[in-house]
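Here's the structure we're looking at; comments come further down.
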Number of protein chains: 2
Amino acid sequence: MVLSSQGQAPAAAVKYSSIIEELGRSIVSGELQPGGRLTIEGLQARFKVSRTVIRDCMRILESMNLVFSKRRVGIVVQAPRHWNVYDARIIRWRLEGTSRARQFKSLTELRCAVEPLAAAGAARNATQEQRAVVVNLAQQLRTLGEAGRLDEFLAVDIEFHALLLLASGNEMFSALDDVVTEVLRGRTTQGLMPRTPREYSLASHEAVAAAIAGSDPDAAETEMRNLLAEVQEAVT
Amino acid sequence: MVLSSQGQAPAAAVKYSSIIEELGRSIVSGELQPGGRLTIEGLQARFKVSRTVIRDCMRILESMNLVFSKRRVGIVVQAPRHWNVYDARIIRWRLEGTSRARQFKSLTELRCAVEPLAAAGAARNATQEQRAVVVNLAQQLRTLGEAGRLDEFLAVDIEFHALLLLASGNEMFSALDDVVTEVLRGRTTQGLMPRTPREYSLASHEAVAAAIAGSDPDAAETEMRNLLAEVQEAVT
DNA sequence: GGCGATTCAAAGGTAGCATCTTTACATTCG
DNA sequence: CGAATGTAAAGATGCTACCTTTGAATCGCC
């Protein structure tokens, strides 16, 4: 799952991507109510493109379970419970839209659920190189944090957490790296972070790294939980 | 996310669904290597359908990040790390294929991560009715478990866990109900379950239910962790 | 041998037509 | 008057033919 780009696909804007974006956002924001109908013909006129393009878009939205299409009826907007909420695009749209705060909270809770086990997994499965990098990143975090270089701190923090997910050896966890990235980034932008990272947080990162380096899953899990306690609190 | 059907869409087999199934399975199983190429023309000949249908299929597979298409090159199979592994269809394909055991383990680990927090969430956010139902389901589990009626036990167990996820109030959690359903079902089919559910397990279900009914998030989380400890062990 | 121009294969996009389903409406019969 | 049945139309599904755009690979020049 890749938030920024469609996997390997070249960034080259294909024609329909903007249509998907627009419709996806409308649906996710609630502007297009569940049960609401669209027709290919209508969309064709609205976006001034051929039917093929609209059809392609519909297939994609359908595959995200945002809509379904039925003969003689048209394209019907699905209720939120059907949406593939783990699809990177839907996550992005929800974070951009009015439901940002809500989505943010959900994702943070998901992080709190997953990251401790991911850390434990990393302590078990990480390669030697990954262990070394984790320790190194934690050190960098301290340096940058104490120096108050927040932007660089954020970048390294993202790298730290993404590496843990990857090293966990569980692809369901590593697929969430975009989620974690987005949440960390949003947390800073939204001013939910202290100006200077707290000593507590720096120490926790180091402790997690040490546990992973020392192949101690239980410690890694516990320390990660400590680390997340702060986060949890800020959102609740 | 719905494993069995595409949301509200009628079961009516649209033409391309079987093509998607076949190609999706080939990719997920590794039969079609990452970097491997397909062409629309080739697929057209292979499946004896028009270009339109193939294009629709490609859009869908592309939207799952299983492939990407490039002009002058064709349709290229993506590496596993790009796949939308939370897409219900991909989960299903992986569970059907040769990587079943591996996928099973990942999903179980995911359950262990998510369900405790979901239980805590349910203790906080469930409606009165949901709380009553949870308690009732736990009771049924005891009755069915002690009577050795395994099929019915499984059905109720699935209902129990799905309700927790739903009641958690976190849509990222409730979207995982298919995953949990599939894991529970597979666990029974694969003979990972004791013939008669253990007293320990029955008590844990009751304890979780009681904690939710009594609005005690911490207890719900702890009890759910106890419940999952057994599961965790069986898979590791 | 390296670098720019050319070629061309394959996807992207358009257009129009035929078909199939399902809904909505009208008609008929009890 | 109400239920069953027939019918028309709306709109998705599917096919074919044709043009455009892109970018990989080859060719040719320096």
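Predicted, not measured: the structure shown is a model, and the values here were computed from it. Numbered from 1 within each chain, the chains take letters A, B, ... in sequence-line order.
Heavy-atom distances to DNA chain D give each of Arg51(B) and Thr39(A) a nearest nucleotide, and the one nearer the 5′ end belongs to Thr39(A). For the pair Gln44(B) and Arg37(B), both in contact range of DNA chain D, the more 5′-proximal nearest nucleotide belongs to Gln44(B). Mapped onto DNA chain C by nearest heavy atom, Arg71(A) and Asp56(A) fall at different nucleotides, with Asp56(A) at the one closer to the 5' end.
Looking at heavy-atom distances under 4.0 Å, Leu38(A) makes contact with sugar-phosphate atoms alone, never a base. Base engagement by Thr52(A) is indicated by at least one non-hydrogen atom pair under 4.0 Å involving a base atom. Nucleic acid contact for Arg59(B): sugar-phosphate only, since backbone atoms but no base atoms lie under 4.0 Å from a heavy atom of the residue.
Remark: the Arg55(B) side chain and the dG13(C) base include a donor-acceptor N/O pair separated by less than 3.5 Å.
With sequence neighbours left out, the side-chain hydrogen bond (donor to acceptor under 3.5 Å, both in side chains) criterion links Arg100(A) to no other residue.
Rounded to whole Å, atom P of dT13(D) lies 16 Å from atom CD1 of Ile54(B). In this entry the distance linking CD of Glu41(A) with C1' of dA10(D) reads 9 Å, nearest Å. Distance, Phe47(A) CZ to dT14(C) P: 13 Å, rounded to whole Å. In this structure, Tyr16(B) places its OH atom 15 Å from C1' of dC15(D), rounding to the nearest Å. Whole-Å rounding puts the Phe68(A) CZ to dT13(D) C1' distance at 16 Å. Here dT13(D) presents its C1' atom at 13 Å from CD1 of Ile60(B), a figure rounded to the nearest Å.
Across dC8(C), dG14(D), dA15(C), the shortest atom-to-atom separation from the side chain of Arg72(B) is found for dC8(C).
Considering only heavy atoms from C-beta on, Leu61(B) comes within 4.5 Å of Leu23(B) through its side chain.
No more than 12 heavy-atom neighbours from other residues, nucleotides or ligands sit within 6.0 angstrom of CD on Glu41(A).
The closest side-chain donor-acceptor pair between Glu171(B) and Trp83(A), if any, does not fall under 3.5 angstrom.
Phe153(B) and His205(B) have perpendicular rings, their planes meeting at more than 60° on a 0 to 90° scale where under 30° would count as parallel.
Taking only side-chain nitrogens and oxygens, Lys70(B) comes nearer than 4.0 Å to OP1 or OP2 of dA24(D). For dG12(C), the OP1/OP2 oxygens have a side-chain nitrogen or oxygen of Ser69(B) closer than 4.0 Å.
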